[in-house]
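Following: one structure in structure tokens, then a few remarks.
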Amino acid sequence: MNYWLVKSEPEEFGYDDLEKAEKSMWEGVRNYQARNNLRAMAEGDQVLFYHSRQGLEIVGIAKVVTEAYPDPTAEKGDWSVVDLAPVRRLKQAVSLQEIKSREELEELGLVRNPRLSVMPIPDEAYQLILKMGGE
DNA sequence: GCCAACGTTGGC
DNA sequence: GCCAACGTTGGC
């Protein structure tokens with residue numbers, strides 16, 4: 001299984017919206033690197049859900065329920081979406097500050113390229129973040 | 001194919 | 001709300 005992280009502004013679509021929706025098409029990614037990451041996701045992969053702009057913390061875990069398919073909201077170009085479903089909230093959200101303060105997480109995409117909206121998370125980093133989240 | 005200009009993202 | 005960093009666009 002692979003691990004990922006997606007970012008969303010809670011005002012636009014936060015983790016509570018995902019819980020309410022039960023399942024959500026992850027639409028609107030218009031960055032090639034992020035798109036390629038979407039395409040690399042497999043059904044069942046786990047996805048950390050990060051709140052950008054407001055919150056600045058990882059609030060919960062989602063999972064991939066449908067692998068990449070063409071983005072129906074794309075008017076032109078070759079874009080993809082996956083379907084995500086909520087798994088559970090972290091007992092405590094893991095803030096960007098905490099992540100930045102961890103030497104082991106220095107290489108994380110979230111720190112190195114804060115503008116990438118879909119990124120892979122190495123196994124060890126994933127486990128550490130869950131631990132930081134009180135799991 | 002280079003690079004300046006522009007648009008967008010997201011931390012602060 | 002500002003602005004730095006990054007990606008994309010388009011003129012040459």
Side-chain angles (χ1 to χ4, degrees):
Chain A
M1 164 164 3
N2 288 310
Y3 303 105
W4 309 90
L5 180 145
V6 297
K7 298 202 271 198
S8 186
E9 298 189 28
E11 280 201 344
E12 293 280 323
F13 190 88
Y15 193 77
D16 50 345
D17 294 312
L18 182 66
E19 285 181 322
K20 257 179 271 169
E22 292 181 359
K23 173 179 155 180
S24 173
M25 185 175 71
W26 207 252
E27 66 185 43
V29 170
R30 295 293 181 270
N31 168 285
Y32 291 111
Q33 210 182 334
R35 182 203 68 183
N36 292 342
N37 289 333
L38 286 179
R39 288 181 178 176
M41 290 180 180
E43 195 179 317
D45 280 357
Q46 301 221 306
V47 182
L48 298 172
F49 199 104
Y50 176 77
H51 280 170
S52 64
R53 300 279 293 169
Q54 269 114 38
L56 309 189
E57 56 193 10
I58 296 169
V59 290
I61 304 167
K63 69 176 178 204
V64 178
V65 292
T66 314
E67 290 187 24
Y69 58 97
D71 186 341
T73 70
E75 285 172 13
K76 55 173 184 165
D78 181 20
W79 301 108
S80 296
V81 295
V82 297
D83 290 339
L84 297 181
V87 174
R88 63 178 181 279
R89 284 181 179 274
L90 295 177
K91 288 199 184 69
Q92 52 203 69
V94 178
S95 72
L96 181 62
Q97 278 194 342
E98 291 174 73
I99 289 167
K100 282 186 166 174
S101 73
R102 288 294 193 123
E103 226 174 279
E104 311 93 293
L105 299 177
E106 263 175 4
E107 299 296 308
L108 214 59
L110 198 63
V111 179
R112 296 201 104 190
N113 180 7
R115 302 192 46 203
L116 185 60
S117 61
V118 182
M119 69 190 78
I121 300 289
D123 209 330
E124 322 79 67
Y126 183 83
Q127 303 306 337
L128 175 58
I129 289 166
L130 287 202
K131 206 181 294 175
M132 290 163 74
E135 300 272 326

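Just the heavy atoms: all of them, side chains too, but no hydrogens, waters or symmetry mates, feed the values below. Just so you know, these numbers come straight off a predicted model, no measurement behind them.
Trp26(A) and Phe49(A) have their aromatic ring centers within a separation under 6.0 angstrom.
Legend: salt bridge (Lys or Arg N to Asp or Glu O under 4.0 Å) pairs involving residues 27-41 of chain A, not counting sequence neighbours, sorted by first then second residue: Arg30(A)-Asp71(A), Arg35(A)-Asp78(A), Arg39(A)-Asp78(A).
In the model, Glu98(A) has a side-chain atom that pairs as donor or acceptor with a side-chain atom of Ser95(A) under 3.5 Å.
Considering only residues two or more places apart in sequence or on other chains, Glu19(A) meets the salt bridge (charged side-chain N to carboxylate O under 4.0 Å, His left out) condition with Arg89(A).
A salt bridge between Arg112(A) and Glu107(A) is present, with a side-chain N of the basic residue lying under 4.0 Å from a carboxylate O of the acidic one.
Atom CE in Met119(A) sits roughly 13 Å away from atom P in dC6(C) (whole-Å rounding).
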Base, backbone or nothing for each nucleotide of nucleotides 7-12 of chain B, written B, S, -, heavy atoms under 4.0 angstrom, 5' to 3'? BBBBBS

